[in-house]
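The chain is numbered in sequence order, starting from 1.
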Amino acid sequence: MGLTATRAKAANKAAKRGVIKSRGGRPTRDAAIERDQRLIEVATRLFLERGFDATSIDAVAEAARVSKPTVYGQYGDKRGLFTAVLRREIARWLAPLAAAAAEARGDGNCDGSAEERLIELGRQLLVLNCSADSIAFSRILTAQAINFPEVAKLAVDEGWSKAVSTTADFFDHLAEKGVLDLEDTTIAAETFLNMVVGHTHRMATFGIPIDMKAAETRMEVSIRLFLAGAVGPRDRLHDTAREASKARRRPAR
């Protein structure tokens, strides 16, 4: 069962339970939280299935079994509802990075080599960023970026930029423990994320079928290249350049 179908099933079960109200007629705190979660689940499913333009507040309210005034009161309009959905999806996408940074922040030595840890992180990022839901959100954001630039800015500020800063934080802690030696962890983080998921996610967004086994191999090779560098230590680079220069010289006539 896919992630979207699982969410839909969970939302429908929650809807059938109804909302428990207090004696005054208003939902209890727990019931209100459950209602809001169900509303976001339903909105997520409809946005993914129908896209932004074809999803209406009426449809979301009906599917979530809440009133339209409840939706408008909570989120203002459809753009506000989509923003709430997007924020939750961003948090899900960032979870592996946050967990890696928290683990590196802990006391003691890091378990596993840098390559092993980065490959495991890369594998999690690939699965998340190349899922059908992630690709659908990417397409919706691309389509709506011109009409709603503030939503696109949110995706950059709270999504990509946060991913970069969290990855840089992860690298900072690894550098402090002598696991990595990086000149600029922010640039390294941007490079790492682009190498690991950029190409594959971009191809999937374009509708090109993705072979996940090949994508994982590409990710592993990219991480080894990231860790080794393209030219190696500078002293070796200079020695290699001199040798190459000698080899290119034409024999005297």
Side-chain angles (χ1 to χ4, degrees), residues 1-15 33-52 55 60 63-64 74-75 78-105 117-145 148 150-170 189-190 192-194 196-205 210 212 215-216 219:
M1 182 181 292
L3 183 57
T4 301
T6 302
R7 287 173 171 168
K9 185 176 180 180
N12 288 335
K13 284 183 177 180
I33 292 174
E34 182 180 337
R35 178 202 62 197
D36 292 342
Q37 289 176 341
R38 183 174 71 251
L39 183 56
I40 292 297
E41 289 284 356
V42 169
T44 299
R45 172 170 58 87
L46 293 182
F47 280 129
L48 289 174
E49 290 177 353
R50 305 179 183 182
F52 182 87
T55 300
V60 173
Q74 187 77 9
Y75 302 104
K78 186 168 70 171
R79 181 172 48 184
L81 178 60
F82 181 76
T83 297
V85 168
L86 178 60
R87 278 200 166 103
R88 195 185 69 157
E89 290 304 299
I90 287 174
R92 186 173 65 86
W93 299 335
L94 292 177
L97 294 173
E103 182 182 355
R105 197 179 301 120
R117 299 186 72 186
L118 292 182
I119 286 177
E120 177 56 30
L121 176 59
R123 188 174 293 115
Q124 294 178 54
L125 292 174
L126 261 185
V127 170
L128 279 174
N129 284 272
C130 294
S131 68
D133 288 357
S134 176
I135 298 306
F137 265 107
S138 180
R139 290 170 178 161
I140 292 173
L141 283 169
T142 301
Q144 299 301 323
F148 304 120
E150 67 277 13
V151 175
K153 186 176 186 301
L154 182 147
V156 172
D157 292 346
E158 298 186 20
W160 171 253
S161 295
K162 183 66 174 177
V164 170
S165 63
T166 305
T167 304
D169 183 46
F170 173 45
E190 292 174 343
F192 172 80
L193 293 172
N194 275 311
V196 169
V197 298
H199 171 81
T200 306
H201 180 78
R202 190 160 50 249
M203 294 299 101
T205 301
I210 298 299
M212 287 304 293
E216 187 168 320
M219 175 269 295

State plainly whether the residues Arg117 and Glu120 are in salt-bridge range, i.e. N to O under 4.0 Å. no
Interatomic distance, His201 atom NE2 to Ile135 atom CD1 [nearest 0.5 angstrom]: 4.5 Å
Side-chain (Thr142) to main-chain (Ser138) donor-acceptor, under 3.5 angstrom: yes
Taking all atoms of both residues into account, what is the closest heavy-atom pair of Met219 and Ile119, and its distance? CE-O, 3.8 Å
Any chance you could measure Thr200, atom OG1, to Glu216, atom CD, to the nearest 0.5 Å? 10.5 Å
Any chance you could measure Leu118, atom CG, to Phe170, atom CZ, to the nearest 0.5 Å? 5.5 Å
Using side-chain heavy atoms (C-beta onward) and a distance below 4.5 Å, is Val60 in contact with Tyr75? no
Heavy-atom count around Lys162 NZ within 6.0 Å, excluding the residue itself: above 12? no
Applying the side chain to side chain contact (heavy atoms under 4.5 Å, CB included) test to Leu81, which of Leu46, Ile40, Thr55 qualifies? Ile40
Would you call Leu154 and Glu150 a side-chain contact if the rule is heavy atoms closer than 4.5 Å? no
Test your reading of the model: is there a side-chain donor-acceptor pair from Arg38 to the backbone of Ala64, 3.5 Å cut-off? yes
In terms of heavy-atom contacts, Val196 and Leu126 come closest through O-CD2, 3.8 Å
Dump the intermediate steps for side chain to side chain contact (heavy atoms under 4.5 Å, CB included) on Leu141 and Leu86, then the final yes or no. CA-CA 9 Å; Leu141 283 169; Leu86 178 60; 3.9 Å; yes
Do Asp133 and Thr44 have side chains that approach each other closer than 4.5 Å (heavy atoms only, starting at C-beta)? no
Where is the tightest heavy-atom contact between Arg139 and Thr205, given as atom of each residue plus distance? NE-O, 2.9 Å
Value rounded to 0.5 Å, distance of CG in Leu121 from CZ in Phe192: 4.5 Å
When rounded to the nearest 0.5 angstrom, what distance separates CD1 in Ile90 from CZ in Arg88? 12.5 Å
Interatomic distance, Trp93 atom CH2 to Trp160 atom CH2 [nearest 0.5 angstrom]: 13.0 Å
Between Thr166 and Ala163 (side chain of the first, backbone of the second, donor and acceptor by atom type, cut-off under 3.5 Å), is there such a pair? no
For Phe52 and Phe148, I'd like to know if the aromatic rings sit close, meaning centre-to-centre distance below 6.0 Å. yes
pair Val197-Cys130: side-chain heavy atoms closer than 4.5 Å: no
Please report the shortest heavy-atom distance between Ala168 and Ala189, naming the atom on each side. N-CB, 3.6 Å
Taking side chain as C-beta onward, heavy atoms only, is Arg105 less than 4.5 Å from Asp169? yes
